[in-house]
Amino acid sequence: MSNTFTVNNPATGETLATITRNSEEEINKALQTGHEAFQSWKKTNAHERSRLLEKWSQLIQKNKLEIATVMTKENGKPLAESIGEVDYATSYIDWYAEEAKRLYGRTVPAHVDGKRLLVSKHPIGLVAAITPWNFPAAMMTRKAAPALAAGCTFIVKPAEETPLTTIRLTELAHEAGIPTDVIQCVNGKGRIVGKVFTDSPLVKKLTFTGSTPVGKALIKASADTVKSVTMELGGHAPVIVAKDADIDKAVEQTIITKFRNAGQTCVCANRIIVHESIVDEFSTKLAEKTKQLVVGNGLDENTDVGPVINEGSYEKIVHQIEDAVTKGAQVLAGAEYDVDENKKCFFVYPTILTDVTDKMEIMHEETFGPVAPITTFSELDEAIKIANNTPYGLAAYFFTNDYRIGNYLFDNLDYGIIGWNDGAPSAAHIPFGGMKESGLGREGGTEGIEPYLETKYLSIGNLID
Ligand code: ADP
């Protein structure tokens, strides 16, 4: 295998950079340095770590436009979305800079006179992270910030499609004064770097965001060294639109959750389940708005939807649309494509499909593209059954103004993240993560630092003779 790879702009096919893959030896050396650095980093006081994280966040903000432009070039998303992602990425650093100062332990009342029982929190050790291409900045900081705040050292392997943002963020961390062996970035094939990470007893924690099959393989591979794992995996988000819903609001929010990042997010709406009495109005309005979305290069100011990341993604999306249409789905918008002659750039026009049934693949497989399939329900329990009929359990959305329906749906949907009249529920201060095969653990919020901590308990005896 070549020891370099190129990073390409998915909107133009232009080569942006050639990156050297680190050898296994180099990665093992980086793990050794990260492990050694842990011995001193864990002793820095929480306020000092907090200040360094603040400085890192400020430097990223200072270079926001440059980072966002790099992100748009390597990922394809519209520049406004990349700018939004830089803000989202620093919001994790800001949140965990504060949480570093709140890693409280506790004192437990003793069961024996004269004893004192103390519980305290300690950093787990060297953390290895593997991140995806769809949010190259935020998926890195959502892991790095709590790890560093906890007193762990950190090493990240970004996706080969989008390493440039992560490399730049790592440089800025060093510029902020975080030691070079406390936060490191290595590059290479996921399978190879992943094996070095999972095989190494020096790595105490593996945190991964990506597909469910790769997540399962990493969980298995982590067993031999009994590594702690956090997994943020695939999703297949349902959107339930109840018969009393505010249709315009539901349409507006569905557009946000469906077409952001060209539908390439793990919390993207994937199955739209609409009450039969309003499906015509909802679908027509959704299609009208969808047709107004401008598809193009993310650097053009007017662009709403960029290219999809690569040929593999494109083929999967087209296959799902064709499968649905062959089985009877109607196309209200999209199902059109634009591929350049060199087969390097792949654009899928935002697509609305109606009359979608359970027999179609799109109802069972994550699409990761700008396609909204609409199906119907008559009784609420039927909608819940359709929504839960998947091994995934990451995000779900519903629209209703009836508090009884809302609470019933919240209680019965097997999902870790739920938006009620809200297509954009994610934030640094909330726990993000999935149930079932969508993952293990949570990132963000007070929960998001726990995976980087060990709990130690001290029992002091004989305080009184
Ligand atoms: P996607 O389908 O979104 O590309 P992947 O799970 O394939 O999702 O990729 C997410 C991240 O996992 C990327 O950094 C990729 O390089 C890495 N990766 C891919 N395959 C493996 C593997 N077998 N072991 C470890 N990491 C992997």
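Each ligand, and each atom within it, is numbered from 1 in the order the structure gives. The first residue in the sequence is number 1, and the count goes up from there.
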Residue pair Cys268 / Ala237: nearest heavy atoms and the distance that separates them =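 In this case the closest contact between Cys268 and Ala237 is O-CB, 3.2 Å.
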Subset of ligand 1 atoms that lie under 4.0 Å from at least one heavy atom of [X]:
X	answer
Phe208	6 (O), 11 (C), 12 (O)
Thr131	11 (C), 13 (C), 14 (O)
Trp133	1 (P), 3 (O), 4 (O)

- [ ] Dump the intermediate steps for ring pair (Phe, Tyr, Trp, His ring centres under 6.0 Å) on Phe410 and Trp420, then the final yes or no.
- [x] CA-CA 8 Å; Phe410 177 68; Trp420 178 350; 8.3 Å; no
Closest protein heavy atom (residue, atom, distance) for [atom]:
atom	answer
atom 17 (C) of ligand 1	Ile130 CG2, 3.6 Å
atom 21 (C) of ligand 1	Val214 CG1, 3.5 Å
atom 23 (N) of ligand 1	Arg191 CA, 3.6 Å

Between the side chains of Thr354 and Gln330, is a donor N or O closer than 3.5 angstrom to an acceptor N or O? no
* To do: For the residue pair Gln32 and Glu36, confirm or rule out a side-chain donor-acceptor distance under 3.5 Å.
  => yes
Phe368 ring center near Trp133 ring center (under 6.0 Å):
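Ring-ring flag for Phe368/Trp133: true, centres closer than 6.0 Å.
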Ranking Ser211, Ala221, Ala217 by closest non-hydrogen atom to atom 6 (O) of ligand 1, top hit is Ser211
Heavy-atom nearest option to atom 24 (N) of ligand 1, drawn from Gly190, Pro132, Pro136, Gly234:
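Looking at heavy atoms only, Gly190 sits closest to atom 24 (N) of ligand 1.
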> Would you call Phe197 a ligand 1 contact, heavy-atom distance under 4.0 Å?
Replying inline: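 Checking ligand 1 against Phe197, which is what was asked, there is no heavy-atom contact under 4.0 Å.
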I'd like to know if Lys157 contacts ligand 1, where contact means a heavy-atom distance under 4.0 Å to any ligand atom. yes
The residue among Leu148, Leu53, Leu52 that forms side-chain contact (heavy atoms from CB on, under 4.5 Å) with Ile93 is Leu53
Short version for Phe368: what comes under 4.0 Å of ligand 1, heavy atoms counted, is neither
Using the six-membered ring wherever Trp is involved, compare the ring planes of Phe346 and Tyr314 and label them parallel, tilted or perpendicular (cut-offs 30° and 60°). tilted
(Q) Which label fits Tyr92 and Tyr96: parallel for a plane angle under 30°, tilted from 30 to 60°, or perpendicular past 60°? (A) parallel
